[in-house]
Student: 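Please read through the structure below; I'll follow up with questions.
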Amino acid sequence: MAKRETIVHWFRKGLRIHDNPALSVAVDKVRENPAKYCLRPIFVLDPGIRKWLRVGPNRWRFLQQTLANLDENLRSINSRLYVVRGNPVDLFPKLFHDWNVTLLTYEHDIEPYAVQRDRKVETQAKEHRVEVHIEKSHTIFDPDVILKKNAGKTPLTYQKYASLAGECKIPQPLPAPQKLPVKYIAPEPDKEERRNPACYDAPSLKELDVDEASMGDCKFPGGETEALRRMEESLRNRSWVCNFEKPNTSPNSLEPSTTVLSPYLKFGCLSVRLFYGRVSEAIKGQKHSQPPVSLIGQIMWREFYYCAAAATPNFDKMVGNSVCMQVDWDTNKEHLEAWTHGRTGYPFIDAIMRQLRQEGWIHHLARHAVACFLTRGDLWISWEEGQRVFEELLLDADWALNAGNWMWLSASAFFHQFFRVYSPVAFGKKTDPEGKFIRKYVPELARFPAGIIYEPWKANLETQKKLGCIIGKDYPRRIVVHEEISKVNIQRMSAAYKRNKALKEEGLDGDSAATASSPAGKKRTASSSTPPAKGKTAPKRQRLENTIQKFFKKK
DNA sequence: GTTGCGGTTGGATAA
DNA sequence: GTTATCCAACCGCAA
């Protein structure tokens with residue numbers, strides 16, 4: 001018998017079998033002719049990734065659980081998951097050859113790292129005469145389609161995005177693929193498998209270097225099965241779904257006040273198209289809240305950020321990012337360290353940062369509070385630093401959303417009312433006047449009464465002794481005085497905006513002068529609205545400064 | 001080129 | 001407890 005051809009489905013995000021169009025293409029082809037084809041659904045675990053990707057233990061555990069569950073779910077359709085260890089670009093040529101691969105399927109990804117990697121793999125596939133089939137299913141709307149509708153311009157407001165998306169068809173979710181037939185025979189073991197039959201098994205926590213004993217309870221286990229269960233649980237309360245308004249949910253309740261489906265959407269354990277469809281069903285014919293604050297609205301925010309991220313080079317950086325305000329952020333290692341580990345001396349901020357480290361999830365508004373505090377509100381530290389910490393600690397850290405939201409909160413893009421600053425004292429009191437949240441995550445302060453727990457520095461030494469926590473010894477003194485520093489920072493932000501405006505005008509002038517003969521001369525490019533790199537010629541810099549000075553005088 | 005409007009989620013104070 | 005107003009005045013977008 002001639003060796004069968006292997007069809008490989010490559011899981012990256014989209015770690016599910018339901019509504020997975022690329023997987024369905026692979027499975028259907030095998031089902032049509034099991035004598036000719038066999039199936040290997042793979043996940044590539046790259047040990048080298050640890051060198052540059054900062055992922056905390058919570059997220060490794062989530063991934064481990066997700067892969068184990070994916071293997072189970074694939075077994076339910078008479079297949080399994082093959083976890084291949086190594087770098088994709090090194091691995092694929094060998095796999096193509098050893099397995100006699102003729103078709104590779106996967107889900108499209110917009111992240112720059114993925115785009116680059118996939119381009120290489122596609123080239124390799126071509127060299128090995130492997131057909132590649134790609135489906136777009138991580139978002140409802142294809143960013144390319146939205147951009148085309150908007151004459152190639154990135155929509156920078158939610159409303160604009162929503163109106164463009166409103167003209168697009170909403171794709172229907174697919175069911176899980178049908179079972180491979182009983183007579184289907186799994187692929188013949190390759191050389192590696194003959195040596196070690198367990199070589200492609202899903203990883204253990206140990207392999208991922210996760211020491212579970214040192215971690216807190218697992219509040220959000222990974223996996224498609226848990227994702228679907230969690231979604232159904234949220235949908236069961238129909239009136240809650242219909243009345244959902246994000247700004248009215250609590251950032252500091254002891255149990256999450258929102259669905260916590262974000263980690264499942266990030267890894268693709270849950271299809272956003274399925275979620276959208278199920279929410280739409282639930283609110284149909286009922287009085288219900290509206291986007292942008294409704295549940296559907298939340299899904300649309302995700303779509304919005306994905307579109308902006310896909311269309312903007314250097315979306316996760318300030319420099320070279322055409323949508324991002326250029327701000328003279330400070331460097332302050334001690335302050336950054338204090339924020340990162342929940343030792344700012346502001347109990348509300350510290351409680352949130354400790355919850356983040358322990359549990360891997362914090363409420364969206366809690367993210368607002370700590371992000372504003374780190375950047376434009378108090379510490380004047382770059383949003384890129386905060387982005388890095390969230391990337392490491394959040395289960396749901398999704399490249400596009402993380403960068404987009406950090407720019408929003410630091411008033412670097414999308415949001416511009418920089419004089420609206422969250423108070424690290426007042427904001428939390430609205431939804432938790434008793435301070436229960438602080439008592440849970442900052443136990444040093446557990447005995448402080450409601451009246452003072454948000455501002456423990458106000459207690460005199462005698463009181464502090466009585467309450468068993470001396471400020472400056474058992475709990476840190478606050479590292480900045482919010483009432484003062486936030487006023488200074490608003491001024492700094494205002495100056496940054498003026499400077500940015502001047503830079504932009506200068507950039508446009510230069511651009512249109514250089515391309516005066518071209519009809520596309522007025523089009524904004526990635527480089528035209530960013531400041532020139534250090535080392536530009538002196539006259540150009542001088543002109544720039546003059547423009548800035550003019551602007552300052554005008555105001 | 002200008003103008004006016006709206007923007008998921010602020011805070012402090014007054015009524 | 002809720003709602004209105006000021007604070008100082010941002011941006012993108014549509015007309």
Side-chain angles (χ1 to χ4, degrees), chain A residues 149-151 153-164 243-253 257-258 262 288-305 307-308 311-312 322-327 348-349 352 362-373 375-378 401 404-405 407-433 454-455 482-505 508 512 522 524 529 551 554-555:
Chain A
K149 277 192 183 292
N150 201 36
K153 277 193 303 183
T154 315
L156 292 175
T157 63
Y158 177 92
Q159 291 304 339
K160 182 72 192 165
Y161 179 87
S163 76
L164 294 164
N243 293 319
F244 185 95
E245 292 191 343
K246 187 66 160 275
N248 294 338
T249 58
S250 167
N252 48 4
S253 50
S257 60
T258 51
S262 51
H288 60 79
S289 53
Q290 294 291 331
V293 295
S294 64
L295 273 180
I296 293 287
Q298 304 312 303
I299 296 171
M300 294 302 290
W301 279 106
R302 178 174 180 272
E303 301 285 320
F304 167 71
Y305 283 127
C307 181
T312 311
S322 62
V323 301
C324 185
M325 205 61 66
Q326 306 297 305
V327 180
F348 179 56
I349 300 297
I352 294 167
I362 52 178
H363 185 277
H364 187 65
L365 291 177
R367 301 178 197 201
H368 278 221
V370 297
C372 183
F373 188 89
T375 58
R376 65 188 171 87
D378 296 84
L401 281 65
N405 276 309
M407 282 189 272
W408 180 291
L409 261 306
S410 59
S412 297
F414 312 116
F415 170 85
H416 306 282
Q417 287 161 293
F418 53 77
F419 38 85
R420 295 195 169 173
V421 174
Y422 290 89
S423 161
V425 171
F427 188 64
K429 282 186 186 172
K430 280 189 289 193
T431 41
D432 180 24
Y454 283 86
E455 306 162 274
H482 174 76
E483 310 86 272
E484 292 164 12
I485 201 76
S486 62
K487 289 200 183 87
V488 174
N489 287 348
I490 288 171
Q491 290 312 307
R492 279 184 94 171
M493 209 29 136
S494 174
Y497 265 72
K498 281 171 192 158
R499 195 184 167 79
N500 220 81
K501 210 171 188 176
L503 285 165
K504 230 174 197 176
E505 299 211 338
L508 277 177
S512 54
K522 277 204 164 168
R524 207 161 71 187
S529 58
F551 248 91
K554 226 196 275 179
K555 302 286 153 182

Student: How close or far is atom P of dG12(C) from atom CE of Met407(A), stated in whole angstroms?
Tutor: 14 Å
Student: Can you check each nucleotide of nucleotides 5-10 of chain B against protein heavy atoms at under 4.0 Å and return B for base, S for sugar-phosphate only, - for none, in 5' to 3' order?
Tutor: --BBBB
Student: In whole Å, I'd like the distance from the OH atom of Tyr454(A) to the C1' atom of dG11(B).
Tutor: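 After rounding, the reported distance stands at 16 Å.
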Student: Can you sort out the partners of Arg492(A) under salt bridge (Lys or Arg N to Asp or Glu O under 4.0 Å), two or more places apart, ordered by chain and number?
Tutor: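 For Arg492(A), the residues satisfying salt bridge (Lys or Arg N to Asp or Glu O under 4.0 Å) (neighbours in sequence not counted) are Asp328(A), Asp330(A).
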Student: With P as the reference atom in both, quote the distance from dA8(C) to dT3(B) in angstrom, rounded to an integer.
Tutor: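 About 23 Å, rounded to a whole number of Å.
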Student: How about Ser253(A) and Thr431(A): do any of their side-chain heavy atoms sit closer than 4.5 Å?
Tutor: no
Student: In whole Å, I'd like the distance from the CZ atom of Phe418(A) to the P atom of dG12(C).
Tutor: 13 Å
Student: Can a donor-acceptor pair be found between the side chains of His363(A) and Thr249(A) at a distance below 3.5 Å?
Tutor: yes
Student: Mind checking who dA8(C) pairs with, Watson-Crick or G-U wobble, both distances under 3.5 Å?
Tutor: none
Student: Do Tyr454(A) and Asp432(A) come within less than 4.5 Å of each other through their side chains, counting heavy atoms only?
Tutor: yes
Student: Please report the distance separating the C1' of dT5(C) from the corresponding atom of dA9(C), rounded so that it comes out in whole Å.
Tutor: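 Straight-line distance between the two C1' atoms is 15 Å.
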Student: May I ask you to decide if Gln298(A)'s main-chain N or O and Glu303(A)'s side chain share a donor-acceptor pair within less than 3.5 Å?
Tutor: no
Student: With no hydrogens and no angle check, is any side-chain donor or acceptor of Arg376(A) less than 3.5 Å from a backbone partner on Phe418(A)?
Tutor: yes
Student: Phosphate oxygens OP1/OP2 of dC11(C): is one of them under 4.0 Å from a side-chain N or O of Lys501(A)?
Tutor: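 For dC11(C), OP1 or OP2 has a side-chain N or O of Lys501(A) closer than 4.0 Å.
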Student: Partner lookup for dC13(C), please. Criteria are Watson-Crick or G-U wobble with both distances under 3.5 angstrom; report none if nothing qualifies.
Tutor: dG4(B)
